[in-house]
Amino acid sequence: MASAPAIIPVSAPQKPSLPWLPTPLLLSQYPTLRHLRYCSSMKQLRQIHGHAITSGAMLDNFVASRILSFSALSPCGSLSYARLLFSHLRKPDTFTFNTLLRAYVSSADPLAGLLFYMEALESSALHRPDNHSFALLLKACSEAPSLSLGVMVHAQAIKFGWGSLVSVQNFLVHMYGSCGEIGMARLAFDGIVECDDASMNMMLGGLMKCGCFEDARQLFDGMSERDVVTWSVMINGLVQSSRFKEGLEIFRRMLEEKVEPNESVLVNVLTACAHLGAMEQGMWVEKYLKRKSIKLTVRLGTALVDMYLKCGNVEKAYEIFTRMEEKNVLAWTAMIGGLAINGRGKDALQLFSQMEMEEVSPNEVTFIGVLNACSHSGLVADVLKYFNSMTEVYKVKPNVQHYCCLVDLYGRCGMLDKAEEVIRKMPMKPNSAVWGALLSSCRIHGNSLLGEVVGRKLIELEPNNSGRYVLLSNLYAANGRWDDVAELRRVMKENGVMKMPGSSFIDLKGHVHEFIAGDNVHPQSKEIYTMLSEMTKKLRLAGYKANTDQALLGMDEEEKETAVSYHSEKLAIAFGLINTEPGTTIRITKNLRVCGDCHTATKMLSKIYGREFVVRDRGRFHHFKDGSCSCNDFW
DNA sequence: CTAGGGTTAG
């Protein structure tokens, strides 16, 4: 292949070859277009464009559309330049129009494509939109998503005679499905005379997006041909609906049927692993990438880093992170935020300054991680420095979550008045997360007076969130106010709120085991309970006394003790101790916050069994080792 | 000239 000319030889212009243009086959050898292949900046594109104008090549729609296409779609192009270019075309054809339309639809604001369509029609730049035009317009409405605009595009498609072409009908299904109108999607689907692969996949995607998982499953199972997109629609849909376990199951089936997963499936599988704390399976993906020599793209890399961080394996995450060739703001953000929740606040902040040195601009999410780092590591002296640089240097407008981090930080450090001040002065209405942060702080520091006010406010705000009741109830319990606990339970019952059952996951050799407090459905249940009583015995010898403050009311002491000793994470720990090699780290993921008793017990167990336990709870990580925890008993 | 379906951080 010839090497790329750095600059276009303007000094030796080609003789205008229009209107004796060669046939289409030779057209591709037209000098202007050959240069386009090596074009890598707008500066070069402008030169080519100028050249095309002077040589008269711009009069040819093919040449014009290629230049426009480059400007519109190339990463180093410019959409506005393409738009200008289009408006100067004498007689743009539909193909050229579609090129620009596609650029609009895949931009940050897909609906700009609709505006472009209307303008082009009105100015007669566009005479006959074709099937591709409508596919693109419908896609824009799906991504917004906007049902009302989608219906209008549907009408236009019928008006121009494309309403019953499969390629357009497919996107009608997609549009209605994405707008949550599964009935309309179904109607459009049933109107297709001859379905193709895409029809099925779009219908499947619509069902998934609308939450009709049973119907989706039925359609999926009934399909005779399942291509890679079919599998990805299914897996990605499940993962994005937080059905992580099901997503992994389908992934397993996909591999069994020897379909090669693509990047999006692998990213979604890693997301599922991250949520479940399924590190073994995540590691399998990493090995798979190596085995198939799949390039570690920035997306795959970020997904892997995030997965390892959410499984509490900071070392592996950092290893992948350093191996990544390209690091964009998302990659840095994942690493910084992940270090923060793993209790490595100082490392997170150090990485942040490294990011600044490499001149990657942090965004608002990055600063959530940075503030979290200050919060989880108690770096109260530094926080304002970062908060100010966020607004002053990086011009990131703080949102409610940033203020929430501040409240959380001051609250954790016992500066409750400072936390209250933040709430009073924040420029927006504090949401329930903000009040929740304050309530947690009240519980940690035993401020039941303020805690009660905040707790009641929260319950008013979110009467169906069981966690809010539990927190207030724990606050009462910690102060021995058992009557108020009982009253709260009554209100909870009255509002029909069910306490979310605590459950713990543990990933063993690529299989995720789930435990719920006191359950005995696991095949190894008998061994687990035997192990549990052995653990309790050893704990007692080490001076452990059950902390039943946070147990349910209406039990006597012995019942309470039994109840806490069967908490889901204790079952998971017992299971882990039985099934893993001595000395290895045991990783557990919990859906709720770790209770005080389990926290104390796990600390002691780490010493008794010489094991490291990594427990991920709702909000952060606990690395238990040698009888202490990385959170310094602050959570 | 020939364009389809699914995509990452809190």
Closest to the [X] side chain: [options]?
X	options	value
A/Gln401	B/dT8, B/dG5, B/dG10	B/dG10
A/Val267	B/dG5, B/dT8, B/dC1	B/dT8
A/Asp130	B/dG10, B/dT8, B/dA3	B/dA3
A/Asn399	B/dC1, B/dA3, B/dG10	B/dG10
A/Phe95	B/dA9, B/dG5, B/dC1	B/dC1
A/Asp93	B/dC1, B/dG6, B/dG10	B/dC1

Partner of A/Arg323 under salt bridge (Lys or Arg N to Asp or Glu O under 4.0 Å), picked from A/Glu325, A/Glu326, A/Glu319, is A/Glu319
Nearest-Å distance for atom pair [atom1]/[atom2], residues [X] and [N]:
X	N	atom1	atom2	result
A/His275	B/dG10	NE2	C1'	10 Å
A/Leu138	B/dG5	CG	P	11 Å
A/Asn328	B/dA9	CG	C1'	9 Å
A/Glu260	B/dG6	CD	P	22 Å
A/Met200	B/dG5	CE	P	18 Å
A/His132	B/dC1	NE2	C1'	12 Å
A/Ile341	B/dA9	CD1	P	12 Å
A/Asn262	B/dG5	CG	P	14 Å

NA contact type, [X], heavy-atom cut-off 4.0 Å: base, sugar-phosphate, or nothing?
X	result
A/Phe171	sugar-phosphate
A/Asn131	nothing
A/Gln240	sugar-phosphate
A/Ala334	nothing

With no angle test and no hydrogens, is the base of [N] tied to the side chain of [X] by a donor-acceptor pair under 3.5 Å?
X	N	answer
A/Asp227	B/dG5	yes
A/Asp306	B/dA9	no
A/Asp197	B/dG5	no

Please assess A/Cys404 against A/Leu371 for the test side-chain contact (heavy atoms from CB on, under 4.5 Å), listing each intermediate value before the final yes or no.
-> CA-CA 10 Å; A/Cys404 191; A/Leu371 297 179; over 6 Å; no
Quiz item: cation-pi between A/Lys327 and A/Phe321, 6.0 Å / 45° | yes
So, is A/Lys310 close to the B/dG10 phosphate, meaning a side-chain N or O under 4.0 Å from OP1 or OP2?
-> yes
Are any of A/His174's side-chain N or O atoms less than 4.0 Å away from OP1 or OP2 of B/dG6?
->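 Yes, A/His174 has a side-chain N/O under 4.0 Å of OP1/OP2 on B/dG6.
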Are A/Phe251 and A/Phe244 close enough that their ring centers fall under 6.0 Å?
-> no
Are A/Arg253 and A/Glu249 ion-paired here, with the side-chain N under 4.0 Å from a carboxylate O?
-> no
Lys/Arg-Asp/Glu bridge criterion (N-O < 4.0 Å) met for A/Asp221, A/Arg217 |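 Salt bridge: no.
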